[in-house]
2 protein chains.
Amino acid sequence: MGEVAATRERIVESAMRLFAVRGFERSSLADIAAAAEARGGSVYHFFRTKRELLEAVLETYLGALVPHIFEPAFARTADPIEQIFAVLADYRERVRTTEFTYRCPIGRLALEVAGEDPGARVLIDRNFAAWRDAVRGCLERAKTRFRPGTDFDALSAFVLTVMEGAVMQCVAEASIEPFDASIAQLRLFITSQLRKTKRS
Amino acid sequence: MGEVAATRERIVESAMRLFAVRGFERSSLADIAAAAEARGGSVYHFFRTKRELLEAVLETYLGALVPHIFEPAFARTADPIEQIFAVLADYRERVRTTEFTYRCPIGRLALEVAGEDPGARVLIDRNFAAWRDAVRGCLERAKTRFRPGTDFDALSAFVLTVMEGAVMQCVAEASIEPFDASIAQLRLFITSQLRKTKRS
DNA sequence: GTCTATAGGCCGATAGAC
DNA sequence: GTCTATCGGCCTATAGAC
């Protein structure tokens, strides 16, 4: 390992990109290898099947979730609730700047392969669970600001629900507007779950 | 037309079912024809390409939305807000009874093909828009119960957002629980947007 | 470990008999 | 309008030289 980047790593990175943009089925191993500047047969030196490559992709996403998705957003603000919205703002920018070709890669794979590949389903579920856990961590750091009895498990799952549902409508509408509208409703909801204090 | 059911209709119905369960890419025209009790070549008598068949499927969904999705749910309750939750309850039952193989067919196609097929994208968007319109109709019938200034466009889009995001997590978790949890949060939110009255 | 070559299968689409 | 036969292409996966 080291060098320019081990061949295996380059193949996994190409697969991540192509699965996210084109989906699993439409991404051929030949295209993945070409994008990784490797040859078709090389893929089979590291992965026995295309599904095994998919699992490596999903494991890589899982490992990258906190350092690449949450930590950069957390670094921009100290307020735990605003940290959640900072993560959502990053998704927004990625969806917008790629013109809806690159959205939530896990969500796309969830609908495409989770129903037919039990191994992939478990890894997709683990990615979602880790995402919810990170959000729940934010909520719990703001615990005292919420009404007593607030269900943080349900609320963190709801944040993921809203993010995924919002991105889906952006793809259909080819517009970022549904994302902004849904996140605004989510903010209204979260605000409504806070204790009543003197100021906002 | 008439008879047992015109060949074209049977082909479209088979395609609806297979696209919903397996996705667009994994559903071969041979399988669709076989499920419709027709031969492979027959498909091309009615549709020039597979994408044209997809468009017929999406147009059929659009026409069936109000009579097959909304009217049966509306008939079960007179309360406009409960009518929305009745529609959501029907999705829940379909997701649950099919063990997450059949969910929201439009949502699945949205992530799989909307980014790459402009014609299909527009039809998917129209399906989503019609769904939101029907929900907004319910909200407006309950207008006087909401706080003044409530944004019904945003709220109806939010209901779709929550439905789609919730179903996605059900697929990943192979459980109906995320759906129930998210719909419960949605109910909490909608309740919080109502005027304060004497009871509940 | 990397590459070439190719097997073997399935797919969308076409041509043409009836 | 329905069916058969088939083309050409692309795909996953394998075999084997270097």
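Letters go in sequence order (proteins before strands), and every chain restarts at 1.
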- prompt: Looking only at side-chain N and O atoms, does A/Thr7 come under 4.0 Å of OP1 or OP2 in C/dT2?
  reply: yes
- prompt: Are OP1 or OP2 of C/dC3 and a side-chain N or O of A/Ser42 less than 4.0 angstrom apart?
  reply: yes
Heavy-atom neighbours of B/Glu93 CD exceed 12 at 6.0 Å: yes
message: Rounding to an integer number of Å, can you tell me how far B/Phe19 CZ sits from C/dG12 C1'?
response: 12 Å
- line: note: A/Arg22, atom CZ; D/dC10, atom P; distance rounded to Å ~ 13 Å
query: A/Arg39 has an atom CZ; how far is it from atom C1' of D/dT14, in whole Å?
result: 19 Å
Donor-acceptor under 3.5 Å (B/Arg22 side chain, B/Ser28 main chain): no
message: Looking at A/Arg121 and B/Val171, would you say the former's side chain and the latter's main chain have a donor-acceptor pair under 3.5 Å?
response: no
field: Rounded interatomic separation in angstrom, taking CG from B/Asp117 and P from C/dG12
entry: 14 Å
query: A/Arg10 side chain to A/Ala36 main-chain N or O, any donor-acceptor pair under 3.5 Å?
result: yes
query: Within this structure, what is the CZ-to-C1' distance between B/Phe24 and C/dC11, rounded to whole angstrom?
result: 12 Å
message: Could you tell me how far apart A/Glu9 (CD) and C/dG1 (C1') are, to the nearest whole angstrom?
response: 16 Å
query: Hey, which of A/Leu54, A/Asp117, A/Leu123 is the one that makes side-chain contact (heavy atoms from CB on, under 4.5 Å) with A/Leu109?
result: A/Leu54
Name the pairs: protein N/O against N/O of nucleotides 13-17 of chain C, kept only if under 3.5 Å.
residue : atom : partner : partner atom : Å
C/dA13  : OP2  : B/Tyr44 : OH           : 2.9
C/dA13  : OP2  : B/Lys50 : N            : 2.9
C/dA13  : O5'  : B/Tyr44 : OH           : 3.3

Spacing between B/Glu25 atom CD and C/dC10 atom P, to the nearest angstrom: 16 Å
- request: Just grab all the salt bridge (charged side-chain N to carboxylate O under 4.0 Å, His left out) pairs involving residues 182-193 of chain A, residues at least two apart or on different chains.
  value: A/Glu82-A/Arg187
task: Could you check whether B/Phe47 gets within reach of a base, just the sugar-phosphate, or nothing at all, counting any heavy atom under 4.0 Å?
output: nothing
- prompt: Rounded to the nearest Å, what distance is computed from the CZ atom of residue B/Phe46 to the P atom of nucleotide D/dC3?
  reply: 10 Å
Donor-acceptor contacts under 3.5 Å from residues 68-75 of chain A side chains, at least two apart:
none

